[in-house]
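Here is the structure we will look at.
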Amino acid sequence: MIGKIQRIPLRQVWRHEERDFSAWLCDNIDVLNEAIGLELAEPQRERAAGTFSVDLSGEDANGEAFIIENQLERSDHDHLGKLLTYAAAFNAKTAIWIVADPRPEHTSAVAWLNQCGATSFYLLRAEAIQIDDSKPALHLTRVIGPSDEIKAVGASKRETQVQHDAVRAFWHALLTAARETLPIHSNCSASSGNWVAASAGHRGMNFVYWIRRDSWKAGLEIYDDSAVWNKAAFDALLGHRQTIESDAGVSLDWERCEGQRGCKVTLSGDNGGYRSLEAAWPVIHCSMIEAMSRVSRAVVPHFRAVVSEANALEAAGRLTDDSIAGESSISSLSSDTLV
């Protein structure tokens, strides 16, 4: 004969969280240990944390502190706040929140907490059950808890944030330095992306700084909505290569970028990038600004003629979309990745 599990309201078994449920759990901590696979021992009740008192606290088998917050109703913000307060007050390695009904938003919050630091957070659903006329028993279900995968996600997010902060700081310092000598990008703001662009005042012409971990690039990107027009403008500008490079005082990198929408005329350097020590940034910035200055002063005098020629070629239909390999394969200014 198989019995049937019945669920009983928690308050029918433990009328008061502190006097009844916490007291019972303190004496039956093995039930909790089995639910989460830890070895919590000799918990203490109502230890003070400032003007508050944590339901249960103690140490695990490794001597690390743990805290437990009990709630015999649906999870709420008040108890989540207490969980965080007690975890901080006791420098807990493990923080456990036992509730009757976990809200989805609190489940997400605990999952997020497990990504953020060294403390392991558990959210458990508590149910009182009995089989037929048996004595009631506590059934704990792990809703969310720590895992290697969650910790790895959190570490990756923190690493990404550190990278974004470094890139934003790098751009801020570059733009500040550039405004004094080359104000092309004076209206630009620092971002966490790997490029900063400013319009050159002509169709499809943009002056762009690119940055990577250990290298940089600066110069012109021809980037209009039409890949046909971009290639025509690039080819027209290439026709003035000898004059342009003479005015720049250096050989430039001419990138037609087959199969992509945009084209580039740039100078690059490998003397550092956003991952370089901040003390080295002024030298890197000086190199980037100098490169931008060389490219811009050399190509600007040709813009009017180049744009006019590209417009005429486009209007005359001397180039077709079919002549541009990979018209549908579009790479934008923001497509470069930080590597």
For this session: Could you tell me the separation between the SG atom of Cys26 and the CG atom of Leu56, rounded to the nearest 0.5 Å?
Result: 5.5 Å
For this session: Consider only side-chain heavy atoms of I, L, V, M, F, W and Y, link residues closer than 4.5 Å, and tell whether Leu83 and Val54 are in one cluster.
Result: yes
Exercise. Hey, mind stepping through Arg47 and Ser57 against side-chain hydrogen bond (donor to acceptor under 3.5 Å, both in side chains) and telling me if it holds?
Worked result: CA-CA 7 Å; Arg47 289 177 62 192; Ser57 62; 3.3 Å; yes
Exercise. Can you get from Val143 to Ile68 by hopping between Ile, Leu, Val, Met, Phe, Trp and Tyr side chains that sit under 4.5 Å apart?
Worked result: no
Exercise. With sequence neighbours excluded, what pairs up with Ser134 under the side chain to side chain contact (heavy atoms under 4.5 Å, CB included) test?
Worked result: Gln130, Ile131
Exercise. Can you name the closest pair of heavy atoms from Val196 and Cys188 and give their distance?
Worked result: CG1-CB, 3.8 Å
Problem set entry | Aromatic centroids of Trp24 and Trp14 separated by under 6.0 Å | yes
Problem set entry | Sidechain N-carboxylate O distance under 4.0 Å for Arg203, Asp224 | yes
Exercise. Looking only at atom types and distance, does a side-chain atom of Trp171 sit under 3.5 Å from a main-chain N or O of Gly193, one as donor and one as acceptor?
Worked result: yes
Exercise. Hey, what's the ring geometry for Tyr209 with His185, parallel, tilted or perpendicular (30° and 60° as the breaks)?
Worked result: tilted
Exercise. Roughly how far apart are Glu39 CD and Leu32 CG, rounded to 0.5 Å?
Worked result: 12.5 Å
Using a 3.5 Å cut-off and no angle test, enumerate the donor-acceptor pairs between side-chain atoms of residues 92-100 and protein atoms at least two apart in sequence or in another chain.
residue: Trp97; atom: NE1; partner: Gln71; partner atom: OE1; Å: 3.3

Exercise. Would you say the side chain of Leu220 lies within less than 4.5 Å of the side chain of Leu237, judging by non-hydrogen atoms?
Worked result: yes
Problem set entry | Side chain to side chain, Phe66 and Thr119, heavy atoms closer than 4.5 Å | no
For this session: Answer yes if Ile5 and Val13 sit in the same cluster of Ile, Leu, Val, Met, Phe, Trp and Tyr residues linked by side chain heavy atoms under 4.5 Å apart, and no otherwise.
Result: no
Exercise. For residues Thr266 and Glu255, is any side-chain donor paired with an opposing acceptor at under 3.5 Å?
Worked result: yes
Problem set entry | side chain to side chain contact (heavy atoms under 4.5 Å, CB included), paired with Lys264, selected from Trp210, Phe234, Tyr223 | Trp210
For this session: Nearest 0.5 Å please: distance from the CG atom of Asn70 over to the CD atom of Glu73.
Result: 11.0 Å
Exercise. CG/Leu40 to CD1/Ile67 distance, rounded to the nearest 0.5 angstrom?
Worked result: 11.0 Å
Problem set entry | Closest non-hydrogen atom pair, Arg125 against Pro102 | NH1-CD, 3.5 Å
For this session: Go through the steps to decide whether Ser308 and Arg304 satisfy the test side-chain contact (heavy atoms from CB on, under 4.5 Å), and finish with yes or no.
Result: CA-CA 6 Å; Ser308 178; Arg304 190 178 299 276; 5.7 Å; no
Exercise. Sub-3.5 Å donor-acceptor pair from the side chain of Asp60 to the main-chain atoms of Asn62, do we have one?
Worked result: yes
Problem set entry | Set of side chain to side chain contact (heavy atoms under 4.5 Å, CB included) partners for His172, sequence neighbours left out | Thr176, Ala190
For this session: For the pair Asp214 and Arg275, evaluate salt bridge (charged side-chain N to carboxylate O under 4.0 Å, His left out) and give the outcome as yes or no after the intermediate values.
Result: CA-CA 6 Å; Asp214 304 300; Arg275 198 171 59 176; 2.6 Å; yes
Exercise. Applying the 4.5 Å side-chain criterion to the ILVMFWY set and letting contacts propagate, would Leu124 and Val31 be lumped into a single cluster?
Worked result: yes
Exercise. Yes or no on side-chain contact (heavy atoms from CB on, under 4.5 Å) for Thr141 and His139, after CA distance, side-chain angles and deciding distance?
Worked result: CA-CA 7 Å; Thr141 303; His139 179 66; 3.4 Å; yes
For this session: Determine yes or no for a side-chain-to-main-chain donor-acceptor pair under 3.5 angstrom, with Glu59 supplying the side chain and Ala41 the backbone.
Result: no
Exercise. Does any non-hydrogen side-chain atom of Val167 lie less than 4.5 Å from one of His164?
Worked result: no
Exercise. With no hydrogens and no angle check, is any side-chain donor or acceptor of Thr85 less than 3.5 Å from a backbone partner on Gly81?
Worked result: yes
For this session: Kindly indicate, with the supporting measurements, whether the criterion salt bridge (charged side-chain N to carboxylate O under 4.0 Å, His left out) is fulfilled by Asp235 and Arg256.
Result: CA-CA 8 Å; Asp235 292 341; Arg256 200 171 191 272; 2.8 Å; yes
Exercise. Which residues pass the side chain to side chain contact (heavy atoms under 4.5 Å, CB included) test with Val283, sequence neighbours left out?
Worked result: Asn271
Problem set entry | Leu252 side chain near Val250 side chain, heavy-atom distance below 4.5 Å | yes
For this session: Show the numbers, then the answer: is there a side-chain contact (heavy atoms from CB on, under 4.5 Å) between Phe170 and Glu278?
Result: CA-CA 8 Å; Phe170 184 95; Glu278 191 170 345; over 6 Å; no
Exercise. Would you say the side chains of Ser75 and Arg103 form a donor-acceptor pair under 3.5 Å?
Worked result: no
Seminar exercise, completed: So the side-chain hydrogen bond (donor to acceptor under 3.5 Å, both in side chains) pairs with at least one residue in residues 26-38 (sequence neighbours excluded) are none
Problem set entry | Arg261 to Asn230 - nearest heavy-atom pair and separation | O-ND2, 3.0 Å
Seminar exercise, completed: Note: Ile29 and Pro43 closest approach over all heavy atoms is CD1-CG, 4.1 Å
Problem set entry | Any donor-acceptor N/O pair, Arg11 side chain to Arg15 backbone, under 3.5 Å | yes
Exercise. What heavy-atom pair brings Ser22 and Asp55 nearest, and what distance separates the two atoms?
Worked result: OG-CB, 3.8 Å
Problem set entry | Distance-minimising heavy-atom pair for Ala218 and Val295 | O-CG2, 4.2 Å
Problem set entry | Ser186 OG to Leu175 CG distance, which is reported to the nearest 0.5 Å | 9.5 Å
Problem set entry | Under 3.5 Å donor-acceptor, Ser296 side chain and Met292 backbone | yes
Problem set entry | Results of side chain to side chain contact (heavy atoms under 4.5 Å, CB included) for Ala200 - residues two or more places apart only | Met205, Phe207, Phe303
Exercise. Hey, are the side chains of Ile244 and His302 touching, using non-hydrogen atoms and a 4.5 Å cut-off?
Worked result: yes
Exercise. Do Val265 and Asp253 touch side chain to side chain, with heavy atoms closer than 4.5 Å?
Worked result: no
Exercise. What is the distance from atom OG of Ser276 to atom CD1 of Ile211, rounded to the nearest 0.5 Å?
Worked result: 7.5 Å
Exercise. Does Leu84 reach the side chain of Leu113, with side-chain heavy atoms less than 4.5 Å apart?
Worked result: yes
Exercise. Are any non-hydrogen side-chain atoms of Leu174 and Ile289 less than 4.5 angstrom apart?
Worked result: yes
Exercise. If Ile, Leu, Val, Met, Phe, Trp and Tyr residues are connected whenever their side-chain heavy atoms lie under 4.5 Å apart, and connections chain through other members, are Leu123 and Ile36 in the same group?
Worked result: no
Exercise. Should the ring pair Phe52 and Tyr86 be called parallel, tilted or perpendicular, given that the plane angle runs from 0 to 90° and is split at 30 and 60?
Worked result: perpendicular
Exercise. Does Lys217 make a cation-pi contact with Trp195, if we ask for NZ or CZ under 6.0 Å from the ring centre and within 45° of the axis?
Worked result: no
Exercise. Any side-chain donor-acceptor pair under 3.5 Å between His79 and His106?
Worked result: no
Problem set entry | Distance-only polar pair, side chains of Asp270 and Ser215, donor-acceptor under 3.5 Å | no
